[in-house]
Amino acid sequence: GSKPAAPTPVGGADPAAKPKLAFVTNCVAEFWTIGKHGVEAAAKQFDCDVTVHMPPKNTVSEQQQILQDLIARGTKGIAVSPIDPSNMTGLLDDIAARATVVTHDSDAPASKRLAYIGMDNYEAGRLCGKLIVEAVPQGGPIVILVGNLDQDNARRRRQGIIDELLGRSMDPTRFDAQDAKLKGDKFEIRATFTDQTDHPKCKATAQDALTRWNDLACMVGLFEYEPPLILEAVQSAGRLGKVAMVAFDENEQTLQGILDGHIHGTVVQNPYEYGFQSVALLNKLVREPDATKRAALLPKDGFLNIPARQIRKDNVRAFWDDLKQKTGKK
Amino acid sequence: MASDAPLLEVAGISKAFPGVQALSSVDFVLHRGEVVALIGENGAGKSTLMKVLAGVHRPDAGLLRLLGQAVELRGPADALARGIALIHQELSLCDNLTVAAAVYLGAELRKGPFLRERAMQHGARAVLAQVGLHVDPRQLVATLSPGQKQLLEIGRALRAEARVLIMDEPTSSLTQVEAERLFEVTDELRRRGVGIVYISHRLGEVSRLADRVVGLRDGRNSGEIPGREATHERMVSLMVGRTLSQEQRPSHSPGEVVLRVRGVRTAAFPEACVDFEVRSGEVVGIAGLLGSGRSELLRALFGADRALAGQIEVGGVPLQRHGPAAAAAAGLVLAPEDRKLQGLVLGMSVRDNLSLPTLHRRGRFIDRAYERDLCARSIAELGIRTAGGGQVVGSLSGGNQQKVVLGKWLAANPKVLVLDEPTRGVDVGARAEIYARLHELAGAGLAVLFVSSELEEVLSLADRVLVLNHGRIAGELPRARLSEETIMMLATGMEVA
Amino acid sequence: MKKILGIAALLVVIALTTTWLSWDASSQSYTFLSGYNLQNLLQRIGMFGVLSIAAAFVIVTGGIDLSIGSVVCVAGCMLPWLLRDHGVPPLIAMPLVLLLCAAIGLWHGLLIVGLGLQPFVVTLCGLLLYRGVMRAFTGDQTMGLGGTADELRWLATGRIPITESFGLPAPLLVLALVAVVTSIFWTRTVAGRHLFALGRNEEAARFAGVATGRLTVLAYVLCSLLAGLGGCLFVLDVNSAQASSFGNFYELYAIAGAVLGGVALRGGEGMVLGVVLGACLMQLLQNTINLVADSNQLEFAVVGAVILAGAAVDEGVRRFFRRRR
Amino acid sequence: MKKILGIAALLVVIALTTTWLSWDASSQSYTFLSGYNLQNLLQRIGMFGVLSIAAAFVIVTGGIDLSIGSVVCVAGCMLPWLLRDHGVPPLIAMPLVLLLCAAIGLWHGLLIVGLGLQPFVVTLCGLLLYRGVMRAFTGDQTMGLGGTADELRWLATGRIPITESFGLPAPLLVLALVAVVTSIFWTRTVAGRHLFALGRNEEAARFAGVATGRLTVLAYVLCSLLAGLGGCLFVLDVNSAQASSFGNFYELYAIAGAVLGGVALRGGEGMVLGVVLGACLMQLLQNTINLVADSNQLEFAVVGAVILAGAAVDEGVRRFFRRRR
Ligand SMILES: Nc1ncnc2c1ncn2[C@@H]1O[C@H](COP(=O)(O)OP(=O)(O)OP(=O)(O)O)[C@@H](O)[C@H]1O
Ligand SMILES: Nc1ncnc2c1ncn2[C@@H]1O[C@H](COP(=O)(O)OP(=O)(O)OP(=O)(O)O)[C@@H](O)[C@H]1O
Ligand SMILES: [Mg+2]
Ligand SMILES: [Mg+2]
């Protein structure tokens, strides 16, 4: 739930001037470079200055520093993907008192941010879980790989998958510990491994998981770079066809893997749209001097839903072509 | 406890290191107001015994009594607290401290936890004046020359006002002037009832100072003689168990000029300009007072420090590039003064150190046979006391380390051999061997240039002496005019007729 | 004094450049000089400065502490755990955390002095070990204060008003306190003198009767204690700690600050003022980048390049003075 | 030899324990001993072993290289850039990348020897600088090979079949080659002797006529070159590199491997075999955790604890022998 727009003290700027906006991510990733394309497209279209900031070590401290310095340099509108939404409320409120703030990718509903642009990671997780059920309808043991588990969005994705596979009710606040024994009627979550976004380590972890369990039904990679590495590990173990794979995000090799029929499917968010829509909304808000009119510009419930999608072999071509066009790759 | 009990008494002290029995059942007594000289060949165990007395080493066996009371020293701090101070053979100073801080290290004048800086500067100045070191107490220790550091160490030991003062070769890089002052201080301490142990290879000093001379041989007592009766011969036989024959000094005829030095200036004395030549077959000594710029000059010749100006020719060819590697390649090598920092790689074996400057001449790959040969030869010729060529140099006794320094340069077969304090800490027997070897090499056409603070050595070794005063060559003395007096006059800036 | 001239000059140059570049036409002001920005910058300097002093404490003994970042993580996770999950009162929780950190330092010191292990090895293991333990301990869950320590948070976020728009941040005062005490310790006390002596030549100091072992242990204890203090400030500031990333790499920032400020890695050399200036420079640079660059991609590159330039300038200044002498 | 006894023993103990714990009832076999696992493990040892030898090269000179991970990142980003984005043939691209890395080493060496900067500072700046530059250079995009170098990838992923289920991984052969050449260099050549001598006492080596400056520079060049080789292997293995994380922390793994293997940080001491064993231990541990633990949360903690134990055991063995001698 979100509150109606709070009057922002920074209004009243000259509507003709180029507004200074910023797009802040939660880490450095290929995913966000797609988002950056969306930001740039919107900046061009709406004629505003937007800077993009990615905290390289994905820590709250870094993000806080970036936000504070953005305020200091006179940024009027900020779209941020908070790393730790539940504990960053105070900070976001403080920033929201000095600029127009929206969240994207990951929401902080308790804060005074005006709107949230994105989707629910928990629901995306459940979508991913559904793909797994499609890939291995008979069930079996699965392993989840994730870069970091202390990131809010990663936790929710994982939880969505687990809850879907174990046939539990919808409850985004649930959390199963990393080493919890999770076994349902059909599926068993054998382990969740983290790799701190270290690619060679991710590959090693995938290989070791394959060594350890010769009955794995499915492997899932929740961070963008992970599915291709899992695919390589499965290939080198000679277990293609025996171990199914389900992915997250739109890494090119993941898409190729889907085309080749090795990976069953992937859940894609729409970082391009996150970027584009964030800038579009901020632009409108910042240029509107009148507070009451500004409230009218906000999406319903302060939530601009950019739903996650499932990509399978049937729709991967079209999706990929569209993506290439948006990111300027032929 | 009876007050006539000896100040310090040890009985049956034994101490073994890996591969060596450094001390076996040594007895030693020191009374109040007595100066006992401890003599012995290099590696006889003198320093080890003293380190046991100062709490640095723990003995394997034996008993130590202070004023009749049996004590067990738990470490250097404990020994200091009981009034035993040791001046180590090797310099051991923290060179990031000021002179005053170094003098008072471990016994700072304090007010609660705080330092009394002024008082310490004052005290340091006074105590250093006693030993003749006149430097600013706020100056950093790092800026002192080795000789000055040695004086500083002595000053520090005096400041400790110990009951037992142990001096392990305190004069090894001092000239006669400072040594003389030290003797006066020693006499004064003796009068005040301090017990003093004095170790030196300069036997002249020993007979000048000692009330009693105690000999050590292979880590065992080899007897003692009263100070009055301590003649050179008796002391030598106490050390080596036989008398050494005095060899006749051969005379050589100098040949071509192999080292020509023109207008060299050093950083310490930028206004002084040095010119001289050394011919092949010549042994040239450089004398001067402490801090007269002798070491500076040698280092500049070798390219270890950048000379401010000047030209150096070796064998008629000017040195083009700067630096030790270039100098060595041209045939000029330097055995430096500070063996711990510059002379040796302490952590490497005797063998590796000996071959270090010459190994590259035997090809790109290591020539093991050459190394073994060289090692065996050097050990035999110089009498290096070691458990084997593989022993780590740092665990050799001081004198034996110096022999390794010399050995590696003698093997280098250079055109010009430059030596800075070549026999610092080397015992009389080995010294004679080294002199003989140098003369032999000179006879074969080597040019030798050496600095020594020991006049005796300068007199017996040199064909010709250059005397430095404030970085300038104050005069040149051919062999015929060499004497202690002439050297000292030139060194102190007087004219010689 | 000469040692910190180079860094001080660099600091001034960068501050002026930043000011100049931060001109904002719309508000007709230098954003760098705004009260808000100066407050934030000084606050960060306060927190990172404490870490740099921590690092300096072991560097002057000739050692190194690579575990500072992980100790920050320990403090950052334990403080919320005590406050939020166990309702321990702030005035008990924080001393408890500091005690724990000091115990870590004690353990380092004992391994190094007692067992003779190398500081680099011991603290490298510490770097991995404590963070790993914290990850398991927190189950990779984010640790937040959850509003349990609002008074305590003053230590990190408080401002002592000076003008209308500017107040002195509390962490700067903490740093000032730590710096003054450390400076007195280093330059005016017997123990400080001994610390520097053993840093340069441990054996010589021992022969002179200095209790080198005990002092070395003390240095490691103080280092970890200060790192823990820093960690508390950080978590009080951001209100959230994630074991896998909290304080990551901070040891490198801390050491860089100390070294930039003239603390020699071979031990026995350094001034507190220099360390503080070093920490200032590190924070100033990041602020500069955020204020003037279009993205922070080049952040690391700029920080790296400037430290290098600082070290080179420093060496240049030193050589210049040596020649002039 | 004694120096590596401790680590060798530790290695054997952990390998046996892992084997024992890896019993899989369903397949009635020890999963640790499966051909697939051994191949993977040996491959990783090959890649990380090269980095540890790189680190050892500068550690024996008494220096340190903290930039190894960032040089890995440079190689990992530049190789795909040349191959995929510019269509440079593999046999030209890889030497080019290695040349670039060697140039980085040269730059380090010159700063250290020529300007007299401290290795820790120079390479710490390198750590920040190169990664930062790569982030900007790649625009934070993942650099993948995109199928342009499938033959070259053999270097990283190739197997030389021995039995049906087991083949020697190519990186292990690379490591073997590097290790043998390094070992000959260190123990049999004059330059190697000089390297070790200057590592222990630079000044004494200089007085002995050793060209210490040139050799030190050489050590840094070789270090960065090998780090670059490692980086190429890594990217060829995983097929993609992200500038902000690729090779992060690898310098610490590399240094830990070298130090565990008996290379003394004060310089002048070390054996190649020890370094390789050290790298083995680091990789074995991670394999162990993945094979037997319920989650890898404790991974860092275990690695840290084992290195510490290794160092302590090592010191113990050394003391034991010292006493027995
Ligand atoms: N730390 C050590 N480790 C191994 N051996 C040692 C150690 N210290 C001394 N030794 C050995 O003990 C013996 C006695 O050495 P010591 O230094 O006491 O001789 P010294 O009489 O002082 O000789 P010098 O006149 O050369 O100084 C020597 O053989 C030396 O190699
Ligand atoms: N590192 C240094 N920094 C500054 N001054 C120095 C340094 N080393 C030596 N000096 C000074 O240079 C002068 C010459 O020193 P040098 O070592 O050449 O003297 P020396 O005649 O060899 O005497 P010593 O027997 O003390 O070595 C001395 O006044 C000394 O204080
Ligand atoms: Mg001795
Ligand atoms: Mg001299």
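Numbered from 1 within each chain, the chains take letters A, B, ... in sequence-line order. Computed from a predicted model, the values in this text were never measured in an experiment.
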Inset, instruction - Count the heavy-atom pairs under 4.5 Å between each of C:Leu115, C:Val302, C:Val259 and chain D, then report the option with the highest count. - result: C:Leu115
Inset, instruction - Check whether C:Leu124 gets within reach of chain D through its side chain, its backbone, both or neither, counting any heavy atom under 4.5 Å. - result: side chain
Legend entry - Best-contacting candidate, C:Ala256, C:Ala264, C:Ala136, against chain D by heavy atom pairs under 4.5 angstrom: C:Ala136
Inset, instruction - Just give me the residue among C:Leu308, C:Asp140, C:Val306 that pairs up with chain D most often, heavy atom to heavy atom, under 4.5 Å. - result: C:Leu308
Inset, instruction - Could you check which of D:Ala301, D:Gly139, D:Gly310 has the highest count of heavy-atom pairs closer than 4.5 Å to chain C? - result: D:Ala301
Legend entry - C:Leu111 side, atom CG; D:Glu315 side, atom CD - distance, nearest 0.5 Å: 11.0 Å
Legend entry - Side chain, backbone, both or neither of D:Ile307 within contact of chain C (heavy atoms, under 4.5 Å): both
Legend entry - Part of D:Val133 lying under 4.5 Å from any heavy atom of chain C: both
Legend entry - Nearest atoms (heavy-atom pairs only) where D:Leu128 meets C:Phe300: O-CB, 3.3 Å
Inset, instruction - Look at C:Gly126, C:Gly132, C:Cys125 and state which one has the largest set of heavy-atom pairs under 4.5 Å with chain D. - result: C:Cys125
Legend entry - Centroid separation D:Phe249 to C:Phe249 less than 6.0 Å: yes
Inset, instruction - Give, as side chain, backbone, both or neither, the part of C:Leu127 having an atom under 4.5 angstrom from any heavy atom of chain D. - result: side chain
Inset, instruction - Under 4.5 Å heavy-atom distance to chain C, tell me which part of D:Leu260 shows up: side chain, backbone, both or neither. - result: neither
Legend entry - Segment of D:Tyr130 engaging chain C (4.5 angstrom heavy-atom cut-off): neither
Legend entry - C:Gln118, part contacting chain D, at a heavy-atom distance under 4.5 Å: side chain
